[in-house]
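The next block holds one structure in the form of structure tokens; read it before the comments.
These numbers come from a predicted model, not from an experiment. Atoms considered below: every heavy atom in the structure, side chains included; atoms not considered: hydrogens, waters and symmetry mates. Per chain, numbering begins at 1; letters A, B, ... match sequence-line order.
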Amino acid sequence: MSKSNGRKRMALIASRGTLDWAYPPFILASTAAAMDMEVAIFFTFYGLPLLKKKLEAKVSPQSNPAMPMKLPFGPKALQNFDWPLPNALMGNLPGFELAATSLMKKKFKKKGVATIEELRTICLESDVKLIGCTMTMDVFGFKKEDFIDGIELGGAATFLEFAVDSDISMFI
Amino acid sequence: MGNGINAFNAYGGLIMTEYKEDVLLDCSGMQCPLPIVKTKKMIDSMEVDQILKMISTDPGSINDMAAWSRQTGHELLESITAEKDFIFYVRKAA
């Protein structure tokens, strides 16, 4: 698939499905589209659930040892305090992941960060191609109906045909 | 904020610009990438040569708007820092 009108092109692979890692592909894609680039994101493995109608992305403190533990509410000094909770230990507490996810969503909202749903809608509206990996669908047992409208389905060749003419290509 | 005049008055008339906007976009409180994305959407709805005034509170906007302008060809006429606000004037290119 060759480029139209000499526009710059960006091809991304989204392979991770946690809330924090869901941001980079959608932020880069929506921005690139706003800069008149042609953009496609190939959602594969744990990135694929980011195309589901109901997003359930969570943060995983256990796999992010550098994640700051900060409160989204309370006095400013308390909010800026980095709670010295060892992630590896806290991650084993039942409900800790849910709590961390809820705190991070609150923090993002308070700071004016768009939700993943909003960024995904912006991407669709600005003609970013969202490609779901069919192999991952089969392995994880997802159906086409599980996903939002307006996406394409395909495999590695579908992505590579777009990526072969790209100016920027990243694996996230 | 209904029009450009209020923004100037808020800083005691310290901000001087020769440009008068046709369209105002207030992105106060929004984080990257929303100011850029909303700017692009607004520019698309405007006529060639019309001027957009965009207000942002995201410090990244200064470099981001300059980069966006270079990539898209829409002319960044002025980039103003006023306390915690960043004000941009952009002329839509053909």
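Among the residues in residues 59-74 of chain B, those with a non-hydrogen atom closer than 4.5 angstrom to a non-hydrogen atom of chain A are B/Ala67, B/Trp68, B/Gln71, B/Thr72.
In this structure, the portion of A/Glu125 lying under 4.5 Å from any heavy atom of chain B is its side chain and not its backbone. Residue B/Ile36 touches chain A through both its backbone and its side chain, counting heavy-atom pairs closer than 4.5 Å. For A/Leu119, the part lying under 4.5 angstrom from a heavy atom of chain B is the side chain only. Residue B/Lys41 touches chain A through its side chain alone, counting heavy-atom pairs closer than 4.5 Å.
In the hydrophobic clustering of this structure, A/Val39 groups with A/Leu50; members are Ile, Leu, Val, Met, Phe, Trp, Tyr whose side-chain heavy atoms approach within less than 4.5 Å, directly or through other members. Hydrophobic clustering (side-chain heavy atoms under 4.5 Å, transitive across Ile, Leu, Val, Met, Phe, Trp, Tyr) keeps A/Leu98 apart from A/Ile116. In this structure, A/Phe43 is not a member of the same hydrophobic cluster as A/Ile13, with clusters built from ILVMFWY side-chain heavy atoms closer than 4.5 Å. Hydrophobic clustering places A/Met135 together with A/Leu130 (ILVMFWY residues linked when any side-chain heavy atoms are closer than 4.5 Å, directly or through intermediates). At a threshold of 4.5 Å between side-chain heavy atoms, the hydrophobic network of Ile, Leu, Val, Met, Phe, Trp and Tyr places A/Leu12 and A/Phe42 in two separate groups.
A donor-acceptor distance shorter than 3.5 angstrom exists from the side chain of B/Gln31 to the backbone of A/Lys111, with no hydrogens or angles considered.
Counting heavy atoms of neighbouring residues, nucleotides and ligands inside a 6.0 Å radius, atom CZ of A/Phe108 exceeds 12 of them. Atom NZ of A/Lys8 has 12 or fewer neighbouring heavy atoms from other residues, nucleotides or ligands inside a 6.0 Å radius. Environment of CZ in A/Phe142: crowded, with over 12 heavy atoms of neighbouring residues, nucleotides or ligands closer than 6.0 Å.
To the nearest 0.5 Å, the span separating CD1 on A/Ile122 from NZ on B/Lys38 amounts to 6.0 Å.
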**Request:** Output, in order, the C-alpha distance, side-chain angles, deciding distance and verdict of side-chain contact (heavy atoms from CB on, under 4.5 Å) for B/Met30 and A/Val113.
**Result:** CA-CA 6 Å; B/Met30 294 179 197; A/Val113 177; over 6 Å; no
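Nearest heavy atom pair, residue A/Thr31 against residue B/Val37, reads N-CG2, 4.4 Å. In terms of heavy-atom proximity, B/Cys32 sits nearest to A/Ile27 at SG-CG2, 4.3 Å.
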Report, one line per pair, each donor and acceptor closer than 3.5 Å where one atom sits in a side chain of residues 143-156 of chain A; sequence neighbours left out.
{"residue": "A/Asp146", "atom": "OD2", "partner": "A/Lys143", "partner atom": "N", "Å": "2.7"}
{"residue": "A/Glu152", "atom": "OE2", "partner": "A/Lys129", "partner atom": "NZ", "Å": "3.1"}

